[in-house]
Structure formats: structure tokens, C-alpha cells
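Model, not experiment: these values are computed from the prediction. The chains referred to below are lettered A, B, ... by the order of the sequence lines, with proteins before strands, and numbering in each begins at 1.
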2 protein chains.
Amino acid sequence: MPIIEEESFDPEINPKAAIAVDVVIFSVVDEELKVLLIQRDFWPFHGDWTLLGGYASPKETLEETAKRELFSQTGIENVYLEQCHVMSDPGRDSRTRVVSISFMAVINSQDYQVPYLGEKARLGWFGYKELPPLMFDHAQIIQAAYIQLRQRLKYSNIAWRLLSKEFTLTELQQVYEIISGKKLDKRNFRKKVLVVGMVIPTKKRQHNVSHRPAELFRFKK
Amino acid sequence: MPIIEEESFDPEINPKAAIAVDVVIFSVVDEELKVLLIQRDFWPFHGDWTLLGGYASPKETLEETAKRELFSQTGIENVYLEQCHVMSDPGRDSRTRVVSISFMAVINSQDYQVPYLGEKARLGWFGYKELPPLMFDHAQIIQAAYIQLRQRLKYSNIAWRLLSKEFTLTELQQVYEIISGKKLDKRNFRKKVLVVGMVIPTKKRQHNVSHRPAELFRFKK
DNA sequence: TGAATAGTGTCTTTCAGACAATATGCC
DNA sequence: GGCATATTGTCTGAAAGACACTATTCA
């Protein structure tokens, strides 16, 4: 009988669990905050819309899992992912114990037009407030990711990921208004982003607009 | 041959993983921010100090796992836990794939004196800046939890969990100074917590102090 | 010249930070 | 009275918020 016990890992008491990764991709499309969903073409829940994602493989971190699944399902790559909430209710998937780790990303939807996305699978952008019925706890996952996105908007530079390299201050303001859900004063907004040095002018202007063209800006650094 | 494929969950490609829960308990002890660690009395890493925690059981959420392990290892209960970072490096535990979900909590160390804690196991408070060598990625986990704690201190009421029901404003200020690592101006601090209505006076005063006794306050709501 | 959007400045209020003298209870 | 800590207010500068008119391009 050993003096030193072995660690109390008993596969009967602590069985392993399946690890799912769910990815919430946000973008601003048609002046609305939208979430990218995929339509399942396999059993169960065939035909339902669901978050992107998949199951973890043993030789990769979960961030890598998320990127791999995201690329294979949509062609989207080089995104910045952030961990969100872990879902672990034992009944969340009735088939077996599945722990879900969710990730959040924002992309510029211009870079990934629907035709291109459409090559890969049946994908669709859904307004954050007009989501279809979602399986499991995916609605909660999106909710938690949205809260995190709003935090990031306040305290970080994340907005640049939603826009093209060059953009007008009005476009930037719209991103802030759409995500925060509040109207902002144009003069105060422009003053602020310029004072904090978040953006710098390019001297270039918009083309092909039927009104006074706006100056284009870039994000700093 | 079915028209509708089955979901691509292949136990060969996506084997299940062990799920570990790690709990970072913070408290202010002797005017220092400290972390509660437990000394392992089993193989491997026998004798090393490590975070509290254990392996997930199938019929509980990971929050419940964390609470159960915390109680069985320390007697601490009724704590508020927050999810922190998920660690999933495939090599983090060389024995098998273990995904760790960490949780963070703050407690009032007065409520759990060392003698009481000592009944349960070899537990110890370690200064956040004087941690012993820790196995796996536990140092990183603590680091991430600390960053989250500082966030919460700024934008939430979490400080009340570190103090007794009634406390002096000097004690509250010390909590803020210790966690943020910055000296604060006494007058500005008191003005602020009173103006924002974070605390309310009780009309009671300290006893048994050899100087002018301070008024005791409570947190609001 | 009309339509559409770009671009711009001042005033007020609020919040953060610097700063030091008096008050009280205990011994 | 001496010691130790509690308690208190003003001034300044920075940032946030309210608010409306002129400028430019195109059709």
C-alpha cells in the first residue's frame, strides 16, 4: 500500500467529456449588427440554423479548433478570436455530456461577400435581434458574446475590424451607434476620435457619391 | 445510404477530454493580496502547492464542480464564482488531454481563519507576487484571474466580498489600494464612494482602538 | 439651385486630481 | 497633553455633453 496516494482521477466518477467550440461571428451588414449562422445539413436538427463550430481535436488548442472550423465552414481566416463563456449544463445536449467553449470575433463583411461564403455552405447573416430559433443554448452564447463585444467597443480598438482600411468618420460613428444602440452627437464623436488619436486622416476622399464626398481615415497603428 | 448525413462526431478524430476546474481564491490578508493554494498529498507533484480544483463530474455544471471541490478542500462555501480563462494547450498535462476551466472568487479571509482551513488540508495564503513554483499553467491562470479582478474592482461592487459587513472607509480604501497597486488620495476616495452611493453610514463606530474611532459603513443593496 | 451629406466651435456641466488643517478618542 | 487616526472642502484642469449653422459635391 503506497504511502502517497495517486491523484483521484477515476474515469467512473470523472468521465471525459466531448468538447465543442462555438464561434460567434459579428459584423455590421446593411446598417445592422448581424451574426453569421450556418444551416445544418446533417442529423440531428437538420435544416436548423446554428453557430459555427465543431468538436475539439486532441493536438490543438481550442483557439486553433475554432479557427480551423471557421475556415472549413466559411473560408474566413486570419480573424482575431476572443474567448467567451463556457457552457456546461449537463443537460444541454441530451445525447452526451458536451462542454461548449465559445469564441467571439468581428469581421468586415465586405471582405467576405455572401456569394463567396455561399460556396462553402448555406450561411446567412441574421440581425442580432432577429435570430431564428437556435438549438441548445446558442441564443445565450450569442447574448454573452454581444455583451463582451459592447465592452470591447468601449475599452478597445476593436471597431477597426468591422471597417475597411479606409473609412469615413460617419461610417465609424455608425458602427459605434449600431453596436451600442445609442445615437451619438456627430461633433462630439469626431472631436473625441481625433483627440484620442484613434484615427488619422489620409487626405483622400470618397468617390462616386452624389453629395459632398467625405474624407477617408485610417486607424492608427 | 441516407440522404441526410449524421453529424461528424468521430470519437477517433474528436476524442473526449478530461475537464479540470481550477479555482483562484483571492483575499486580502495582512494588507496584501493573496491567493489560496493547497499542497498536494498525492502523486504526481506530491508536496507541490497548487490551485484548488478537481475534475468535472457528469451531472453538474462546472460552476457546481468548482463549488463542490472548493468546499471539500477548504470548507469555503457560498462564494460568488466567475469564469476566467480556458486553458487548452494539448501539452499542458503530459498524461492526457486536459482542458482546464478556471474560476475566480474573492472572499473575506476573516470568515475563514487558517485554523479552520487547516482542518481540511494543508492550505496556505501566498502573496500574489510571491507565489511558489506552480505546476502546469497555473501561474498564467492566476495572472489572468488577477487581471479580471482588477477589472471588476473598477467597474463593479466586488470589493464588498473582501470586507466584513461593516467596515471603515479606510479599510475600503486599503482594499482598492492593494488590488490596484496605487496609493489613493483619502479625501478624493471618500468623496467618490459617498457620491456614487456605493456605501452608506451606519452611525456605529469602531471599538477598542487607541485613537479616534472611525465610523462604520455598509455597502448599499 | 436643390438635394444630400460633410464639416466645424462654444458653452456648460461633470468628474478627477492635487492639496493640508482640524477633530476626536484613548492613554 | 501627546499620540494616532478620522474627518472635512476648495481649486484646477480635463473630459463629456448639449447644441446649429455653413460648406461642398453632384445631379
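Sorted by residue number, the members of residues 205-221 of chain A with any non-hydrogen atom under 4.0 Å from DNA chain D read A:Val209, A:Ser210, A:His211, A:Arg212, A:Pro213. Listed by residue number, the members of residues 163-174 of chain A with any heavy atom below 4.0 angstrom from DNA chain C are A:Thr170. Listed by residue number, the members of residues 180-191 of chain A with any heavy atom below 4.0 angstrom from DNA chain D are A:Asp185, A:Arg187, A:Asn188, A:Lys191.
A side-chain donor-acceptor contact under 3.5 Å links B:Gln143 and B:Tyr128.
A nucleotide of DNA chain D counts as in contact with chain A when one of its atoms lies under 4.0 Å from a heavy atom; the first and last such, 5' to 3', are D:dA16 to D:dC26.
In B:Arg68, the CZ atom is crowded: over 12 heavy atoms of neighbouring residues, nucleotides or ligands sit closer than 6.0 Å.
In this structure, A:Lys129 has no salt bridge (charged side-chain N to carboxylate O under 4.0 Å, His left out) partners at least two apart in sequence or on a different chain.
Here side chain to side chain donor-acceptor pair (under 3.5 Å) pairs that include residues 166-179 of chain A, with residues two or more places apart or in two chains, are A:Glu166-A:Lys204, A:Gln173-A:Glu177.
A salt bridge links A:Asp137 with A:Arg92: the closest approach of a Lys/Arg side-chain nitrogen to an acidic carboxylate oxygen falls below 4.0 angstrom. Under the 4.0 Å criterion applied to side-chain N and carboxylate O atoms, B:Lys203 and B:Glu215 are not assigned as salt-bridge partners.
Taken from CD1 in B:Ile178 to NZ in B:Lys34, the straight-line distance is 10.5 Å, to the nearest 0.5 Å. Taking CG of B:Asp89 as the reference point, atom OG of B:Ser100 lies at 11.5 Å (rounded to 0.5 Å). Here the CD atom belonging to A:Gln73 is positioned 10.0 Å from the CG atom belonging to A:Leu51, to the nearest 0.5 angstrom.
Under the 30°/60° scheme for interplanar angles, the aromatic rings of A:Phe219 and A:Phe167 are found to be tilted.
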Practice prompt. For the pair A:Arg152 and A:Glu82, evaluate salt bridge (Lys or Arg N to Asp or Glu O under 4.0 Å) and give the outcome as yes or no after the intermediate values.
Written response: CA-CA 10 Å; A:Arg152 292 296 174 278; A:Glu82 273 190 33; 2.7 Å; yes
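In this structure, the ring of A:Tyr155 has its center less than 6.0 angstrom from the ring center of B:Tyr155.
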